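Here the structure is laid out as structure tokens; the discussion comes afterwards.
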Number of protein chains: 2
Amino acid sequence: MILQPLSESTEMYLKAMVELGGREVVAVGRLAERLSVTSVSANEMMRRLGEQGLVSHTPYKGVTLTQMGREAACNVLRRQRLWECFLYAHLKIEWPQVYELACDLEHATAPAVTEALAAFLGQPSHCPYGDPIPAADGEFEPLLGISLSVVGVGGHARILAVRATDTDVLKYLYERGLVPACEVQVVEAAPLQGPLTLRVNGKEVALGLALAEFVIVEIIPAS
Amino acid sequence: MILQPLSESTEMYLKAMVELGGREVVAVGRLAERLSVTSVSANEMMRRLGEQGLVSHTPYKGVTLTQMGREAACNVLRRQRLWECFLYAHLKIEWPQVYELACDLEHATAPAVTEALAAFLGQPSHCPYGDPIPAADGEFEPLLGISLSVVGVGGHARILAVRATDTDVLKYLYERGLVPACEVQVVEAAPLQGPLTLRVNGKEVALGLALAEFVIVEIIPAS
DNA sequence: TAATATCATAAGGTTTGCCTATTAATTAAT
DNA sequence: ATTAATTAATAGGCAAACCTTATGATATTA
């Protein structure tokens, strides 16, 4: 499938769709929320993407990526995450800033550069935030993990990935040691959707539930 | 001087100005020609850049970069040429394609990335096309060389830089060995602005005068 | 089934950058 | 010096890509 060049904005919508819903239906409102635009703007874009055959839109139900849309979206993710690897491992850019800076570069990256970069990096499988890098053909293994927000009190878990994109949010998590491979224990969960209290690297850390949603973990069975 | 983010198009105009005129006045028509737009478009952009204090425009005379404009332009050149180094030396992108691909990336490059890239590359002084890379503060030594088109018949010269930007033109030169550090001898100059005949790596090569303009050389004195 | 929340569409605005056609200034040539 | 030819600038307009507010349609749930 040959993909015509897409606008930066289009690529952001596609990326948000695959990050938010994968192969599932996504509510247009969620998309608008994530991209910080009005739902009108998101709707309009969905109409355009529908005309281009990238998404399928069932009014009042939501949108899904078509095969073509999914390929395009995975291609964007591949570029993004390869740049993240480069910025982090070679340019020594601070972890919280990597996402945003890679995002700028991703839209300006020709296929030849993408593949040369992948080769240079040694075909990495995961980005610095723990998410898998789609292959050149567009497919990838979704991470099998659960959100930290659903781990029960007393549970031990290892962070697999951090799904935040905002630099300030990433900075907040970074300062508390909440990065991939880190192990955490849920000490307490405050009632009424209150914050979690975690034990991280020997220190107690409070983390709002909304933030905990972004943190993908695997349970470490009690030995 | 703090530079607000400039549009891609704006950066292209600034880059063309510094490449075409340096500190000198540039005719708006030349600029339009170089960027493949009508002179109306170039005029309009000059008005906008004038309002932003980046250029000084004397109607019917031409435009020059202000100090601020020159800094912005040199900053663009720095990003462009650093990416050229990276693409060529590390990603092994073919020499003729490097310019165009670097050009895409240059507009998406934040200052932090520029400086981290420069450090990664070991603060290179020249790009793969032979031109100097401006320092972080914006200044650089202009290359002291002459155009191959003004070297007399019989003259020996060493190529210092190639000023072409079009991938096809670069490919043409590359296929004939006309790259920086290469030594050439002018065997013959056809009359009426006809092509030069050159001796390059033991082979005779014909080169149109227009193309020879792009090739910057230093004379090798007859020993 | 009525109320509420969510979603979709209508109509319109802004920005950016491009164009054709016209007018004005400059330069070169008689 | 005056005119012809060249080059530059302005007027007016178009299109693409996004955004907005206001309004109408559908779903959900009490």
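Chain letters run A, B, ... following the sequence lines, proteins first, then strands; residues in each count from 1. Note that the structure is a prediction, hence the values are computed from the model and not measured.
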[X]: what forms a side chain to side chain donor-acceptor pair (under 3.5 Å) with it, not counting sequence neighbours?
{"X": "Thr64(B)", "result": "none"}
{"X": "Glu141(A)", "result": "none"}
{"X": "Glu100(A)", "result": "Thr167(A)"}

Polar atom pairs (N or O), protein with nucleotides 3-5 of chain C, under 3.5 Å:
none

Would you tabulate the side-chain donor-acceptor contacts of residues 89-99 of chain B under 3.5 Å, counting partners in other chains and residues two or more places apart, or write 'none'?
| residue | atom | partner | partner atom | Å |
| --- | --- | --- | --- | --- |
| Lys92(B) | NZ | Ala89(B) | O | 2.9 |
| Trp95(B) | NE1 | Pro128(B) | O | 3.0 |
| Tyr99(B) | OH | Lys15(B) | NZ | 3.4 |

Side-chain donor-acceptor pairs under 3.5 Å in residues 21-31 of chain B, sequence neighbours left out?
| residue | atom | partner | partner atom | Å |
| --- | --- | --- | --- | --- |
| Arg23(B) | NH2 | Glu139(B) | OE1 | 3.4 |
| Arg30(B) | NE | Glu33(B) | OE1 | 3.4 |

Not counting sequence neighbours, which residues clear side-chain contact (heavy atoms from CB on, under 4.5 Å) with [X]? List them please.
{"X": "Glu218(A)", "result": "Arg158(A), Leu160(A)"}
{"X": "Glu8(B)", "result": "His107(B)"}
{"X": "Tyr172(A)", "result": "Arg176(A), Leu207(A), Leu211(A)"}
{"X": "Ala102(A)", "result": "Gln80(A), Trp83(A), Glu84(A), Leu87(A)"}

Taking 5' to 3' order, which nucleotide of DNA chain D is first and which is last to have an atom within less than 4.0 Å of a heavy atom in chain A? dC18(D) to dT26(D)
Heavy-atom protein contacts under 4.0 Å, nucleotides 6-17 of chain C, coded B base, S sugar-phosphate only, - none: -BSBB------B
Roughly how far, to the nearest 0.5 Å, is CG of Leu101(B) from CG of Leu105(B)? 7.5 Å
